[in-house]
Q: 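Provided herewith is a single structure, encoded as structure tokens, for subsequent inquiry.
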Amino acid sequence: MKRTRSSARQTSDEVFGQAQGTAYGVRGEASGEGQGTPHGATGGAHGAPPGRTDLGRRLVARREALGLSREELGRRCGADANYVAYLEDHAATPAIGTLLRVADALGVSVDDLTGASAERVPGRSGARRDTALVPIGEDECRQLLGTHGVGRIAISTDEGPAVFPVNYVTAGPGVAFRTAADSPAARAAGTRAAFEIDHIDDVTAGGWSVLAVGVLTAVTDGAELHRLSAVARSHPWAGGPRSHWMTITPDRVTGRRVVHGE
């Protein structure tokens with residue numbers, strides 16, 4: 001009987017996880033628990049193994065962002081640390097069940113973990129007929145803002161309106177972010193600006209957005225600068241010398257959500 005490529009790939013992964021469990025130890029199949037591993041220490045992008053694929057790079061980046069060792073991730077997803085090391089450092093082709101467990105343990109989707117959605121513009125699915133746009137109350141808007149993430153700051157410049165993505169943290173009633181001292185956002189201090197976040201669900205053709213509008217100010221108080229640096233969850237993804245803290249304290253917070261009928 002002729003086997004398809006996908007079934008052969010899954011069978012290969014299952015054989016790897018079971019017959020060779022003593023080497024890379026998928027827990028609960030052949031190896032049992034508590035194998036221990038010389039690969040337990042975390043490894044960064046520098047000096048990455050030559051066999052590491054995009055899946056491995058993404059797995060390492062997310063695991064280290066969460067502060068997890070390979071052993072800790074293994075306990076979360078039911079795999080031995082040696083198998084986690086194999087996924088990170090070799091051209092592995094894990095079955096969908098394995099990807100689902102690892103992605104769930106890391107708090108991401110399978111598409112995020114594999115990079116399938118990295119170059120795909122969201123919102124390409126067709127609209128549904130049973131759709132309505134409903135407002136979101138301010139309390140829920142602030143819940144959706146959460147503690148940190150990536151949003152967009154909209155400002156006015158000499159060249160016209162401009163929108164920039166920024167890593168943000170919530171700071172009391174406001175939103176704070178770091179930028180370069182000579183950036184357009186820094187030069188916009190003292191003007192009214194807008195901050196926006198959103199979420200798009202391509203599967204359901206739905207989503208939500210939150211908009212906060214207020215005056216953009218530079219943070220100069222030493223105690224506040226220290227506090228913001230302490231609560232920042234990440235350095236700016238853009239890198240470079242971005243240590244100039246800005247805040248927008250909104251006088252208007254609104255949101256909208258796309259909902260569907262039953």
Q: Please tell me whether I197 and F177 are part of a single hydrophobic cluster in this structure, the criterion being side-chain heavy atoms less than 4.5 Å apart.
A: yes
Q: In Å and rounded to the nearest 0.5 Å, what is the CZ to CG distance from R62 to L73?
A: 11.0 Å
Q: To the nearest 0.5 Å, how far apart are CG in L211 and CZ in R252?
A: 6.0 Å
Q: Do L66 and L100 belong together in a cluster built from hydrophobic side chains that touch within less than 4.5 Å?
A: yes
Q: Can you tell me if T114 uses its side chain to pair, donor with acceptor, with the backbone of V110 under 3.5 Å?
A: yes
Q: Can you measure from CD1 (I136) to CH2 (W208) and round to the nearest 0.5 angstrom?
A: 7.5 Å
Q: Within the 3.5 Å criterion, strictly below it, is a donor on T170 or T147 matched to an acceptor on the partner's side chain?
A: no
Q: Salt bridge or not between R142 and E138? Use side-chain N to carboxylate O under 4.0 Å.
A: yes
Q: When rounded to the nearest 0.5 angstrom, what distance separates CG in D112 from CG in L106?
A: 10.5 Å
Q: With the threshold set at 4.0 Å, does a side-chain nitrogen-carboxylate oxygen contact exist between R192 and D251?
A: yes
Q: When hydrophobic residues are tied together by side-chain contacts of less than 4.5 Å, even through go-betweens, does F195 share a cluster with V215?
A: no
Q: How about T247 and V175: do any of their side-chain heavy atoms sit closer than 4.5 Å?
A: no
Q: When you measure from the side chain of R242 to the backbone N and O of R178, does any donor-acceptor pair fall under 3.5 Å?
A: no
Q: Ion pair present between E88 and R70, side-chain N to carboxylate O less than 4.0 angstrom?
A: yes
Q: State the SG-CG distance between C141 and L145, to the nearest 0.5 angstrom.
A: 7.5 Å
Q: Same cluster or not: are V108 and I96 linked, directly or through other Ile, Leu, Val, Met, Phe, Trp or Tyr residues, by side-chain heavy atoms under 4.5 angstrom apart?
A: yes
Q: Any ion pair linking D198 and R152 (charged N to carboxylate O, less than 4.0 Å)?
A: yes
Q: How long is the gap from CZ on R187 to CD1 on I155, to the nearest 0.5 Å?
A: 8.0 Å
Q: Where the side chain of R256 meets the backbone of S209, is there a donor-acceptor pair that is under 3.5 Å apart?
A: no
Q: Does D158 CG have over 12 foreign heavy atoms under 6.0 Å away?
A: no
Q: Determine, for R257 against E140, whether the closest basic-nitrogen to carboxylate-oxygen distance falls under 4.0 angstrom.
A: yes
